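On a predicted model such as this, the values are computed, not experimentally measured, just so you know.
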There are 2 protein chains.
Amino acid sequence: MTDTRQRPSKRERTLAALVEAGLELFERQGYEQTTVAEIARAAGVTEMTFFRYFPAKEHLLLDDPYDPVLTAAIAEQPRDLQPFVRAARGIRAAWRALPEPETPVIRRRVRIAANTPSLRGAVWRSTGNTEQAIIEQLVADGASPDVARVAAASVLAALVAGLFMWADEERSTLADAIERALDVIEVAA
Amino acid sequence: MTDTRQRPSKRERTLAALVEAGLELFERQGYEQTTVAEIARAAGVTEMTFFRYFPAKEHLLLDDPYDPVLTAAIAEQPRDLQPFVRAARGIRAAWRALPEPETPVIRRRVRIAANTPSLRGAVWRSTGNTEQAIIEQLVADGASPDVARVAAASVLAALVAGLFMWADEERSTLADAIERALDVIEVAA
DNA sequence: CGCCATAATGTTAGCCACTAACATTATGGA
DNA sequence: TCCATAATGTTAGTGGCTAACATTATGGCG
């Protein structure tokens, strides 16, 4: 209490403790084998408290607040491109701009998700907001809703596949992995 | 018992009863609002019996045995195409060949899935086998594993998006919807 | 037709994710 | 220091799902 530096509020501290405890337990003994009660105990709180911070167990891993960056990047792509290509190039640009220092934490999370079958669906569902955001951006710029839906889904799938590849690679940079993934689907366009 | 025609075995009858009861309840009151116990009761069996037929509630909707057809169709596409294009054209061909009479049941299922947020992820996860089959086919014909993974994921995402669109359209044919979806991602290739 | 191995189903008990309603304690600013 | 309010705890319950064991039904065989 004698520390004059901004001390993190209790809420921030509990959140950090839960995240750290969760990640470590998931890594040590697997996602399925780890109980929410266990995570809570390791973080010094109750099971109920966990659910006050995360709506579900899987949300400890999936929080991605990347939507605004992505949609902005897509908006900047030339409007005369086909929606699919436009979305792909936007995502490419957005991730190229991501600060490298942030990637270790992302890698920890993605690595767990990539290696837990039951989480693959969860990851996909968690992209729902991002997907919606992309669709709206594309439609706002003149694409038909149906076309936008397919384009968004397909490009996001490539992105997730790229993330999963990268998570297990150890040496490569995130931006590179994403670029490689998008190269696969942006053929001859 | 005096009927001389092949009578369905008890196992077949129970399975049919569960599927029909499930679909109807899901349609009437929603997937989340329907309990497994409820479905079982409507089918004249116990909750336990339900789980002897389906490993999980969602599997009543997601059973797709389409993998062999798909991989065969992909295998028939020219090998000098890029993997992504090859997969897309294979899927196109496979669904074009699907007998129209089968589609009403598919529509019932997809419609429920498309309108239940928690199931969107489940659908994606359920494509896991198909995804794996596609990857293996592409790799067997010379694609790199990484490229194959991205191509399979991306093309399947477009397929699912197409299915979801179609489910709520009422008038259009399944093959048409799939073609439209694949057109979006097969740009200028 | 009746016997019986075996398939199909039922029972009970329990774990875990998650929720609701209400009670308690801690925090940090006035 | 006091106190409104944020943070956490307690209890009780629902629904999906599993395991171990008990019971009943089915249908081919003698």
How many whole angstroms separate atom [atom1] of [X] from atom [atom2] of [N]?
X	N	atom1	atom2	answer
A/Phe50	C/dA17	CZ	C1'	10 Å
B/Arg13	D/dT26	CZ	C1'	10 Å
B/Glu38	D/dT14	CD	P	14 Å
B/Glu12	C/dA8	CD	C1'	14 Å
A/Phe54	D/dT8	CZ	P	12 Å
A/Phe51	D/dT11	CZ	C1'	16 Å
A/His59	C/dC18	NE2	P	9 Å
B/Leu119	D/dG16	CG	P	12 Å

Shortest side-chain distance from [X], nucleotide among [options]:
X	options	value
B/Met48	C/dA20, D/dG16, C/dT11	C/dT11
A/Arg52	C/dA8, D/dT8, C/dA17	D/dT8
B/Thr14	C/dC18, C/dA8, D/dT10	C/dA8
B/Lys10	C/dA17, C/dA8, D/dA7	C/dA8
A/Val36	C/dA17, C/dA26, C/dG10	C/dA17

By nearest nucleotide on DNA chain D, pick out whichever of A/Glu47 and B/Glu47 is the more 5' one. A/Glu47
Do the rings of B/Tyr31 and B/Phe26 sit parallel, tilted or perpendicular, given the 30° and 60° boundaries? tilted
Would you say A/Thr49 places a side-chain N or O within less than 4.0 Å of OP1 or OP2 belonging to D/dG9? yes
Below 4.0 Å: OP1/OP2 of C/dA17 and any side-chain N or O of A/Thr35: yes
Can you work out whether B/Thr46 or A/Glu32 has the more 5'-proximal nearest nucleotide on DNA chain C? B/Thr46
Ring-face cation of B/Arg125 near A/Trp124 (centre distance under 6.0 Å, axis angle within 45°): no
Answer yes or no for B/Arg111 and B/Phe164: cation-pi contact, defined as NZ/CZ to six-membered ring centre under 6.0 Å and angle to ring axis within 45°. no
Answer yes or no: is there an ion pair linking A/Arg180 with A/Asp183, defined by an N-O contact shorter than 4.0 Å? no
So that I can tick it off, tell me whether B/Arg96 and B/Asp176 are bridged by a salt bridge, with the cut-off set at under 4.0 angstrom between side-chain N and carboxylate O. no
Name the nucleic acid region contacted by A/Tyr53, choosing base, sugar-phosphate or nothing; use a 4.0 angstrom heavy-atom cut-off, strictly under. sugar-phosphate
